[in-house]
Each structure stands twice: as C-alpha cells, then as structure tokens.
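Here the structure comes first, spelled out in structure tokens, and everything after it is commentary.
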Amino acid sequence: MPAHDASDRPDVDLVVIGGGVNGSGVARDAALRGLRVALFERNDIAFGASGNSSGMIHGGPRYLTYDPDVTHTSCLDSGHIQRIAPHLLFRIPFLVPIHASRLTARAALTGYDAFFDLYDKYQALKHGKPHVRLTPDELRQLEPGLVSDAVGGVTFDEWGIDGARLCIGNVVDALEHGAKVHVHTTVTEVLRRDDGSVTGVRYRDRLSGATGSVHCKLVVNATGAWAPLTSVLAGLEPKVARIRPGKGIHVFLDRRLTNYAVVATAIDGRQVFLLPWQNTSVLGTTDDDYYGDLDDVIATGDEVRYLTQAIERVFPAVKRARAIGTWGGVRPTLYAWGRNEDKLSREHEVVDHAQHGADGLYSMIGGKLASYRIFAEEMTDVVARRLGFTAPSKTHVSPLPGGDETIDPLALTEGGRIDPMAAVRLEYRHGSRALRVMERIAKNPREARVVCECEPVLEAEVRYVVEHELASSVEDVSRRTRLGLGSCGGMRCAARCGAIIAQIKERSPESGRRDALRFVEWTRKRRLAAVGPEQARQEALALAHLRAEIGDEPGEGEP
Amino acid sequence: MKVVVVGAGVAGTAAAWAARRAGAEVALVHDRAGASALASGAADWDRWQAAAGQHPLEADAVALASALGYSTDPCLVCTASGVLRPAQGRDRAVLDLTLLAGRRIGVADLARDDWDAELIARALSSSAWARTTETRFAPRALALSDVQHASSWDLAARFDDPGEREKLAAELVKGRGEVDAWLCGPWLGTAAGAHEALSQRVELPLGEALSPPGGAAGARFESARDALLEQAGIETRREAVSEVVVGSGRIDVHLAGGERWGADRLVLALGGVAAGGVRLDEARARFELSLGAPVTLQVDGLSTDAVSTLHGVDFAAHGPALLEQVGIATVGAAALGTPSVFVAGDVMADRPRTWLRALVTGLHAGRAAGG
Ligand SMILES: Cc1cc2nc3c(=O)[nH]c(=O)nc-3n(C[C@H](O)[C@H](O)[C@H](O)COP(=O)(O)OP(=O)(O)OC[C@H]3O[C@@H](n4cnc5c(N)ncnc54)[C@H](O)[C@@H]3O)c2cc1C
Ligand SMILES: Cc1cc2nc3c(=O)[nH]c(=O)nc-3n(C[C@H](O)[C@H](O)[C@H](O)COP(=O)(O)OP(=O)(O)OC[C@H]3O[C@@H](n4cnc5c(N)ncnc54)[C@H](O)[C@@H]3O)c2cc1C
C-alpha cells in the first residue's frame, strides 16, 4: 500500500468496471457531465451480453402483462436511442402466425389482436408502426415460406441494433470527452480504506501483463453477469450483487431468409424467433441458468437443435439453410429465486454497497440493451450528485459519434470506386463518421481495397477501428465491423487483417498470423455446434486451405 | 479386364492411368470439382511437409506428377499470407525460392484486394529464412489495366492468351536489373505452358504463390489431367454416379442419367468432405458417400454410426478433425469386405489428405484393379 492516503489526490473521480452497454453508458454520461472517468474492460468492449444479445431495441411486449413499466421505459428510451444514433437502428417488422393446429386458433388470433392494441399505445414512443391483423392470404404473400395452415396472423414493429456498435459509440464519445478507457485490462481488486470505503482499483493488463492502480472517489461495478465475482474483488460476498445468469444463444445463417421476423413456439412453450438482422438471419434464443466460464460462453449442439426444431415447424426451409455461426451471452437478470427463467423481470437496479460496508461502491444489476441509456443516467445521477456535479444528463439529446447527421451511403461510392454494399454497411456502422473513413481513402487509395468480402469491410475501416476504436486484434476488429463473420468464417480475410493490425501496432508479421489463427479458431469454435450438411463441405475446405496457407501452428512454416 | 474409376482428382487420374498401363480397359466418370481442382499447388506427403524427412517416391509417381505439371523436388514456396514453407513438390508455376536465397525478389503489385504485395513483402522479408540468407522482398507496381477487380481465376485465364500475356511480360521485363526474380499471385495462366512461355520471355525466374481454393493451380491441374486422360486413351464421362451394385463377379455402376456401366473392378476415388465425395446426410445427419455403395465408412477407426448422436454428428464434442478423417475403411488398396472395389485418395479413412498420398494411393489402386 502507498504510504500516503492516495484518496486525497485521486487520479479520477469515477472508475467504471465493465465495458458492456451499461458501463459504456455510464462512462459516457459521466464524461459528458464533466467527471473524470476511467473505464476498465477485462476483455473487449461489448464482449459480454451487450455484444451477444438478440440485438433488438424492443419495447418488450412480453413484459406488458406482468410488468408494463418495463415496456414503458423500453419504448421511451428506444425513442431516445433513435434520436442519438439514427444510423444504428433498423426496423424489424415481426410476424406472429397463428396456426390452425392450435385448437383455439381463432380465439388466439383475437387475443393477439387485442394484446397488440395495447402495445400500440407504447409504439408512438419509439416511432413504431401500429400492429396489423392479417388474413391467411396476406400472410402467405408476405412470407411465402411459412407453413400454410395459419388462420391468420399479427404483425408488430420493433427496432434492431448492433449492440457492439452501440457500446463502441458510447465508449468513443466518452474518450472524446476525456475519459480514459483501458481494454483487455481486468480489475483485480477494489481498494478500500480502513473504514471500508473505496479508494480505487488495482488492475492488470491481460495482454502485456502490466499491473497498476488508479485512485478514485467512486467505483461503479457494471460487469453484468460477472457482477457477483466483481463484488468478491471488493472483499464483499458475491450475493451483494446477485444476479440470475441466463444463458442465451443465437444461430446465424449465411443470408436473410425472411423479410419479417417470424415468431414460433418451442417445445417447452417458450417463444423463439427467426430474425432478419443486418445481412443475416438469426435464430434465437434460449434462456437457461448458466454457471460456466463467463469468458467463454459457447453454444452447444442441443441448444442449436432446440431452436431449429422450433423454427422448422413454422418455416420448414430453415432446415436446409446454411448456419455459419452462433453467439452466446449471459443475461444479468435481477435475482428472484425459483421463478422460471423466462418470467424474470428485466428491470434494473442500482445497488449502493454502503449498506454492505463499502461506501462509494455501486453495482448496476439487470437492465437491457433497450434501456441502457436510462439505467446509465440513473446511475450517473447518483454518482454526480455525490460528487457535486449538478449538470443534468444530456445523453438523450446529445448524438453518439456519427449520429449527428444523416448521410447518403451511395454518395460514398465515389462514382463506383467503392462497392455500394460496402458503402451501405460502412454508413450503417459509422453514420456520418463514415466520411472520416472515406477521407483516409482519399489520402491513400490503397485503403479502398476490400479486406473481408463477405461483410464487406474495406481496409480503411480496419485501420480506422484500430486507430480510433481501441481494436487491437482480429477478434476486436470483427466485433466492430463484422469482419470474418460471413460464410467463409474468416478464411479469406483473417490473415490479411492480422497483417494490417501488426503493421499499425508495429508488431511482427508472425504475431499478426498468430492473431489470425486465434480468430479463425475462435469463429470455428462458435460454428461447430451448428455445422449441418450445408456447412460441412465449406468447413472441410477451410481447414485444408488454412493449413496450406498459414499452417496449423503459427511459425510452422519457418524452415 | 474392365475397370471403372469414379473420380478425376489426383487419385482417380492416377488409378486410371495405372490400370491402363497394367493393360485394363478403363473408363472414368466424374462430375464435380474435387479437392484437386481447388488445391493450393503444393504437393505434400504429410500434412505440413517438414523440411527433413522427404518421403521417397517411386519412379511412376514422379513421372505421373510431372505429366500433371508438378515437380517432386523438395522446394520452398510461399503463400498469399506471406508465409514461407517447405513442400515436397509443387505445381511448376509456383515459385521455388530454394535457389533464390540472397537475391532480390520483386513482389508484383496489381493493387488487388486479394494480393497485398506490400504486406506480403513485409512478412516474407521478416521470415527467419530471408533474414539469415539476406533475401529481400519488395513490392513493385505493374502498370496493367483492368487487373484490379477480376477474380484471380479470370485473371489467370486472361494470361493464357498470348497477346495479354505479352502485356504482363512487358511489365515484368522492366524489373530486369532491379530484381532477380518475380513473385506473382496465382494468375500466371490456367493452361499448361502459359507459365513456361512467360518465364522464357521475361528471362527471370518467376512464379506464383500458392492458390486459394478455386485458384489457378486447380485450373491447371484440370487441363493437364484432361490432356493426360485423352492421351492414355481413357474414356471419360462427366456425370454423377448414383449407385454401384457389387454382384458376384460383376459390378454395375449406375449413372445419374440412368445409364448403367458394367465392370470387373471398380476404383472409388471420390475425394473427402471438401470435394463432396463424402457428405453429411440431411435427414439422418450422418456421414455418407455421394453415391450408394456396399462399403463401410469410418472415422478414427470407428464406424461412422458411432460418432453421431440421435441428432447427428456432434462436432463440438469431436472437433473439426472428423471432417478430414471420415472415409472408406480399407484393407490395403481394397475396400474392407469388398475385394473387387479399390479405394484411393482422400476418400480413404483416417489418412492425411495430401496431394502426394492421393497420387500414390491412386497408382496402387489402379495397379491392383488393372492387374
Ligand atoms: C441472449 C441474450 C439476448 C438478449 N437480447 C436482448 C435484446 O434483444 N434487447 C435488449 O434490450 N436486451 C437484450 N439482452 C439483455 C442485454 O444484452 C443485457 O442486459 C445487457 O447487455 C447487459 O449489459 P451489461 O453492460 O450490464 O453487461 P455485459 O455486456 O455483460 O458487460 C459486462 C462486461 O464486464 C466485463 N468485466 C467483467 N469482469 C470484469 C473485471 N473484473 N474488470 C473489467 N471488466 C470486467 C466483461 O468482460 C463484460 O464485457 C439480451 C441478453 C442476452 C444474453
Ligand atoms: C483448399 C485446399 C488446399 C490444399 N492444399 C494442399 C497442400 O498444400 N498440399 C497437399 O499436399 N495437399 C493439399 N490439399 C489436399 C489435396 O488437394 C487432396 O488431398 C487431393 O487433391 C485429393 O485428391 P483425390 O483425387 O483423392 O480427391 P478429389 O480431388 O477431391 O477428387 C474427387 C473426385 O470424385 C468425384 N466424385 C465424387 N463423388 C462423385 C459421384 N457421386 N459421381 C461422380 N464423381 C464423383 C469428383 O467429381 C472428383 O473428381 C488441399 C486441398 C484443398 C481443398
């Protein structure tokens, strides 16, 4: 311990632990209000639930019957998120077919109709369209791939988002307002004075191994499903930040199968969906108690089959679709013993650990992507008030990076020099900041080259996210750009991306190759549970190609 | 003796060639691009050829490889990721660096998405081999039009044309005096002879890096193969085989179009999962051949039934290696329990999937079937 009481001269006002949507949101809000903030993220920004959710800014109609407050706050904040990051939201119209096989099909249809009448009241808050009741013919016209025994259906409107981009937007804005952000740096201890109050954190950089400490006035534990473990780092019992860890997985396909998100009922009665999401279709999701390794959440074959079997019953072609990957995350749900996972409320809560003897430490428990902003505002209100900062939150009006103005992606194609698809995807991810990426190309035309053909991703964007968005590995770049997540699983782009990063970071080409191989291994591990007939051949080709091209083991090629 | 060979990869071609040389009447049928048509242009015996421990090859293997455009001398090749690696043989259009130690090597830059000359040169220059031998790699731009966005296969095919090839040659000639050799991407022609003509014209050692799947090396293999089969007088049909029925003393080969071929002996050289010769069956989600045949499929010494669960093959539990192990169980060159059916190449269970093994097992199967 240092001889002096460092709390007299804290390095920052606030330390935020966790770079998920909640931690990023607090760091941004606090930085905007003028607090000096340091954020620590053990893995990468959006590594946890925030980068592995269903990616919906939904109003949560399923909470409507037993927890309408959740629906209201979600819808309200969905409207705010649209205002600050219009580029990141895309409309996902949902379709609920009612199948004749249900004995009470007609009554069910009327029930859904009435239910969504109620939901329509909240839709205006998020610029959603009112629901529509459909005849069987209309249903068939909209989605010809649906089984044809439906007596009708209902549509309702939701918004989709790339959760990782949302986190990155918050983090970059925090950085630009003076916050310090340490990625791949884990907090190893929350330092406390003799009276129990917190005075800082100790950390370890997981890439370099370097350790250090930062002194601060207050600490926010925003570590999602890790929250109980983080309390232990402060010398508290895990149960002071108790959550119910609900693992959810998604399977994504090589293309969009439908225009509408289609809802189906799983074998156990839960609702699951087939979702058109960015340029893929996504099957989701599961909800099971999880006590495994939070740093390595992998879908299993059983979970994949649970989803495909359910979707198959309403959309048979999904059986023949090519699954190219899975993702999995753990929901940090508010703890309530014994209730069915699905019935748990997604409401959030700020825990003040003064009651546990750790004054100055707070935990953020629960929440959703959709309500991250308001949760972050509530948390920051508490912190700012204590530190005497009176400025109100501006996060509902102040745009996230790239959200300040709308640009036409086709204007980025520079008369055909840039592939229109690449331009559209670039604008989606970066909003008006796509112009900054394009400026790079104007200066150095070689950066117009395509690195990842599937997504597609340009070299300029790879360099941009390494230089401005804290990416330092192929996996980091993939989280920010979706590079390597298409049907080739990084087979064609990982090596090149690794080489580019190695060059920027002045590392050896050899280390770039190791990085690429790690990434390919990482995507493969997430793909294997979903490998079916359509993907098996591609998988075998990729194995052979990588061996021929890079070798099984990095460095193997060195004679 | 009538021999039918199914498959026209390296293994099927070798089997047909050897059976013909053994005096049999040979017919070959194949339908899709297998691993040989997608391969890199390097020929290994074991998975990643160690510099030491070259596998000795019989004279027939060397001669056949040569007829297919491959050299079987140990070599040092490089890839589009800037990796240097040894191999036991190579497509002759692939640059062998062994004799270029200590030289200046120009890396041709066409500003292409799939060939980053700058990063490739950087990676190769930093390899231990380049540093100890003081070999230098540097990118050099070639002023050619319309080469940036064509697929690498199309580009390679373009340089089959003598006029187009001359444009490339004229650019490469400019390197004389400044570079001692040229490293190009996999674009130096899909026809036999294109690369050789270019080398003679430029008067500098020049060659390709290894090809990605579907690149020029595979295309060159296919044209060399077609020439070889024709020259050897082997009847060739491009059609899928749906089933083979093995009776006592006679084999019936059912083609997808309904035709039926009779044979005394059969060689199955269907390739592995990468070729589509073995696939995952959709309904039962287990491995099966692309045609019906009375043979046993196995993985890792076990029948394939043993690796599938109620819901199919559990790759998460077994690892992706299953995809490269599954194949027909054999005794010597014959299928286990079916002595008149011979097996060669990637479709054999539990063998490394390599080019030279496909060639050698093809020769063995062809001799056994034809003799
Ligand atoms: C399958 C699934 C689907 C979902 N779908 C939706 C949806 O459609 N819409 C919606 O609104 N919500 C959805 N959610 C909920 C939402 O994703 C989460 O509630 C939200 O992302 C939680 O954010 P967080 O920041 O609290 O946690 P996380 O995103 O998990 O972030 C916690 C971070 O803390 C880091 N960390 C842990 N320990 C340490 C340490 N010691 N030091 C430094 N860093 C540390 C971790 O690496 C991690 O990045 C879904 C969740 C799941 C799992
Ligand atoms: C991307 C890649 C890179 C590689 N790199 C290397 C390397 O660097 N070094 C190395 O040594 N090896 C490499 N290999 C492996 C090597 O290419 C193979 O081991 C070899 O080519 C296998 O040859 P084969 O004749 O057994 O099978 P294939 O070439 O796969 O031939 C199979 C044949 O069977 C036919 N067929 C299948 N089913 C039917 C049916 N029902 N009816 C009719 N015909 C059918 C197909 O049409 C095809 O002609 C690589 C392979 C790939 C895919």
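Letters A, B, ... mirror the listed sequences (proteins, then strands); counts begin at 1.
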Between A:Arg527, A:Glu539, A:Arg446, A:Gln535, who has the most heavy-atom pairs with chain B when the cutoff is under 4.5 Å?
A:Arg446

A:Arg537 versus chain B, the contacting section by heavy-atom distance below 4.5 Å
both

Is there a side-chain contact between A:Arg524 and A:Val520, using heavy atoms and a 4.5 Å cut-off?
yes

In terms of heavy-atom proximity below 4.5 Å to chain A, should B:Ala111 be classed as side chain, backbone, both, or neither?
both

Just to verify, which of B:Val107, B:Leu110, B:Leu155 counts as forming a side-chain contact (heavy atoms from CB on, under 4.5 Å) with B:Trp115?
B:Val107

Nearest 0.5 Å please: distance from the CH2 atom of B:Trp187 over to the CZ atom of B:Arg112.
7.0 Å

Given B:Arg122, B:His149, B:Gln148, B:Glu324, the one with more heavy-atom pairs under 4.5 angstrom with chain A than any other is B:Arg122

Pairing residues for A:Tyr306 by the side chain to side chain donor-acceptor pair (under 3.5 Å) criterion, not counting sequence neighbours:
A:Asp268, A:Arg270

Select, from B:Asp114, B:Val278, B:Val273, the one with the greatest count of heavy-atom pairs under 4.5 Å involving chain A.
B:Val273

With a 4.5 angstrom heavy-atom cut-off, is it the side chain or the backbone of B:Asp346 that approaches chain A, or both, or neither?
neither

Heavy-atom distance under 4.5 Å to chain B: side chain of A:Glu453, backbone, both or neither?
neither

Listing, residues 485-500 of chain A side-chain donor-acceptor contacts under 3.5 Å, not counting sequence neighbours, or none:
residue	atom	partner	partner atom	Å
A:Arg496	NE	B:Asp116	OD2	2.9
A:Arg496	NH1	A:Val450	O	3.3
A:Arg496	NH1	B:Asp113	O	2.6
A:Arg496	NH2	A:Glu459	OE1	3.1

Whether the side chain of B:Asp96 engages the backbone of B:Leu76 through a donor-acceptor N/O pair (distance < 3.5 Å, no angle test) should be reported.
yes

If you tally heavy-atom pairs under 4.5 Å against chain A, which of B:Ala80, B:Ser40, B:Gly82, B:Ala42 wins?
B:Ala80

Okay, B:Arg353 and chain A: the region with an atom under 4.5 Å from a heavy atom over there is neither

Chain B shares the most heavy-atom pairs under 4.5 Å, among A:Val531, A:Ile298, A:Leu458, with A:Val531

Donor-acceptor pair, A:Asn279 side chain versus A:Glu455 backbone, under 3.5 Å?
yes

A:Thr481 side chain near A:Val462 side chain, heavy-atom distance below 4.5 Å
no

Select one option (side chain, backbone, both, neither) describing which atoms of B:Ser81 are under 4.5 Å from chain A's heavy atoms.
both

Between chain B and each of A:Ala448, A:Ala536, A:Ala544, count heavy-atom pairs under 4.5 Å; write down the option with the most.
A:Ala536

